[in-house]
Q: 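Below is a structure I'd like to ask you about.
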Amino acid sequence: MPNSNLRPTAQEQLNIALELANKNKIPEALTMFKQIEASGITDANLFKTIGVLSLRINNTEQAITYLNKSLKLNAQQLDVNFTLGQITQNSGRHTCAIKYFDNALKINNQLAPLWICKGISLTETSLLEEAIESFNRALTIDSKELNALLGLASAYKLQKKYPLAEDFLRKAIALKPDNVRALFNLSANLYDQNRFQEAILQYQALLNIKPDFAEAHENLGLCYLNVQETEKALSQFETGLKFHPYHQTLNKMCSSLRYELNHQDFLGNYKSIPKKNLKLNVYQDFIASLISSNQLEHAEEEIQSFRKLHGNITPLQHLCYSLLAKKNNHQQIIDEIQSNSDTSTNFQLTLGKSYLAVGESQISQKIFERLLSTQNNDQYIWALYSATLRLADPARYEELCDYDNLLLCAELQYPKRHGSLDSFNQALLTSLQDVHCTQNNPLEQSLVGGTQTPGFLFDQPSPIFSELRAALQSTITTLLNSAQQKHDKNHPTWSRWTNNFDFSTAWSVWLNSSGFHKSHIHSKGWYSSAYYVSVPDILGSNPHAGYLKFGDAPISSNKNLTADKYIKPEAGKLALFPSFFWHGTEPFSSDEARISVAFDLLPNTK
């Protein structure tokens, strides 16, 4: 560092500071360098040194400040611009990072790593065409630049140009066959194209190289589920847990699949972990599963153990309130939340539900209205609000849950090549039999006495599912276009309408005799659905047996909130309804199954 302007005392301090830095005594060195700065010295290299040392002790904000001070004195420092670009990129400030990379490229545009880093930040800001150009510039400089190939693959995948993404990934693997990132991304790319068998082979190859890769075990298990090999899926999750016994997703997938496969001790993976080693989020999932499966005494014991280990923290309070609600101890919930004066959304939702449960609907109405003022698209809050209005303001309830105009039903516009709707449904039923691969209903969902398909139904490789999607798209478009012309644009459902929509998720339900759906809503949807593929001729003696029902809010109350609208299930019928509507089904009795396809829609904002 130039030192001609340093006074002798500053020179001595500089020598001491450099010696401290060389001995890796960074805090002490920084103190000395700042004393030099305080003496009135203004020097680009001094500020750069302070910035670099600040970075070594993870004081990124101080590093940014001093590196920028250095640039103000000398803007032509490629290394400082590059370092600032990397710091801001790593902290998620990608627009800022791009500016620093551009400054560095003005100094030297023949460095491939600069183009790659710029491409990464452009990708993160969804400037995909510019990102592709940047990665290609890197390849022009060095055609074997692995990270440029991987960057191009990521950008093309985000554009859903899967064949191009695959091409660059295979080029990357040809350069470095054991590159974990390239192998993982190729496997994921194949998965996204529903090429599950090929993805399985790639994940297996990856795990041969890196057998402890948790996400590869997770995704390989999902691949097996998508080809209906449930025991292999479970085995894969269990194998992943041998390497990562505290992994949240692997534990959750393992216990959920065990439950659906009727394993008696489906929570055994949680129980095998010593409590002191259970990560906070994993312990929460374990207790939540106990509550969901009505193992309430065990849940209470685990809550006490949780409290001893972690104290009375917020996640524990949520679990306590879930347990109290399950036991209908709503007044205790009210007393505790009121004494804590907690205004966070989750606590206020719990408070509103509890007031509704004890019959204080006017208080709960005010709580939900306050929440809706800032979260107007939250379907769960609208659902709770609708239940409140039914008790507190029936006229407004009828406006909000306008069954006559918001419930939409039609016969499916089936693909004509099948000749008839019955023929199409029969072909669909045959394929659905293949993808229903479990023996029990999911643990934490509304289904009871049946099975549900895993994953996104329309991703299944059988052509019948693509035909179903297209038929539903056509039928729904007709229904929505007709309905929106006569409906209030200020209604919380129609206020979101954009003249276009997309399927956010889709699945099939196979209900056996006595099976039903508990009343629920779809918090991540806009419009939800039921398409009936096969319905028994006789559903039982109950006049509404097997029917789709609305308004039956599953909230304890001193007033009755039973169903106030029913739809008869009929093969070939499509029913659409706002996702915030409370809905479920009545049990039925038959030797035949009741089979349907369900999905959620979201307005397409693109």
Q: Closer than 3.5 angstrom, by distance alone: can the side chain of Ser474 be matched with the main-chain N or O of Ala471 as a donor-acceptor pair?
A: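 Not a single qualifying donor-acceptor pair exists.
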
Q: Does the Lys NZ or Arg CZ of Lys416 fall within the cation-pi geometry relative to Tyr414 - under 6.0 Å from the ring centre and within 45° of the axis?
A: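 The answer is yes; both the distance and angle limits are met.
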
Q: For Asp335 and Gln331, which I'm curious about, is there any donor-acceptor pair between the side chains at under 3.5 Å?
A: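 Checked: Asp335/Gln331 side chains pair up, N/O donor to acceptor below 3.5 Å.
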
Q: Among pairs that include at least one residue of residues 503-515, which meet side-chain hydrogen bond (donor to acceptor under 3.5 Å, both in side chains), considering only residues two or more places apart or in two chains?
A: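 As it turns out, the side-chain hydrogen bond (donor to acceptor under 3.5 Å, both in side chains) pairs with a partner in residues 503-515, which skip direct neighbours, are His436-Ser508.
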
Q: Decide yes or no for Leu602 and Phe503: does some side-chain heavy atom of the first lie under 4.5 Å from some side-chain heavy atom of the second?
A: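 Side-chain contact under 4.5 Å: no.
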
Q: Centre-to-centre under 6.0 Å for Phe501 and Tyr527, is that the case here?
A: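 They do not qualify: ring centres at least 6.0 Å apart.
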
Q: Please check if atom NZ in Lys326 has more than 12 non-hydrogen atoms from other residues, nucleotides or ligands closer than 6.0 Å.
A: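 Yes, NZ of Lys326 has more than 12 neighbouring heavy atoms, counting only those of other groups under 6.0 Å.
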
Q: Taking atom types as modelled, is there a side-chain donor on Glu300 or Gln304 under 3.5 Å from an acceptor on the other?
A: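 Absent: no donor and acceptor within the cut-off.
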
Q: Between His583 and Ser519, is there a donor-acceptor pair closer than 3.5 Å when you use the side chain of the first and the backbone of the second?
A: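 No: the side chain of His583 does not pair with the backbone of Ser519.
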
Q: Can a donor-acceptor pair be found, under 3.5 Å and without considering hydrogens, that links the side chain of Lys524 to the backbone of Asp600?
A: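 Such a contact is absent between Lys524 side chain and Asp600 backbone.
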
Q: Would you call Asp265 and Lys271 a side-chain contact if the rule is heavy atoms closer than 4.5 Å?
A: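 A side-chain contact exists here, since the closest heavy-atom pair is under 4.5 Å.
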
Q: Centres of the Tyr259 and Phe266 rings: under 6.0 Å?
A: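 Yes, close enough.
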
Q: Taking the side chain as every heavy atom from C-beta outward, state whether Leu384 and Ile555 have any atom pair closer than 4.5 Å.
A: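 Yes, close enough: below the 4.5 Å cut-off.
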
Q: Would a distance-only check, ignoring hydrogens and angles, find a side-chain to backbone donor-acceptor pair under 3.5 Å from Gln379 to Asn377?
A: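 Checking the backbone N and O of Asn377 against the side chain of Gln379, a donor-acceptor pair under 3.5 Å is found.
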
Q: Are Leu576 and Leu479 close enough that some pair of their side-chain heavy atoms sits under 4.5 Å apart?
A: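 Yes, their side chains come closer than 4.5 Å.
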
Q: Determine whether a donor-acceptor pair (N or O, by modelled atom type, separation under 3.5 Å) exists between the side chain of Trp582 and the backbone of Ala383.
A: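 It does hold such a pair.
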
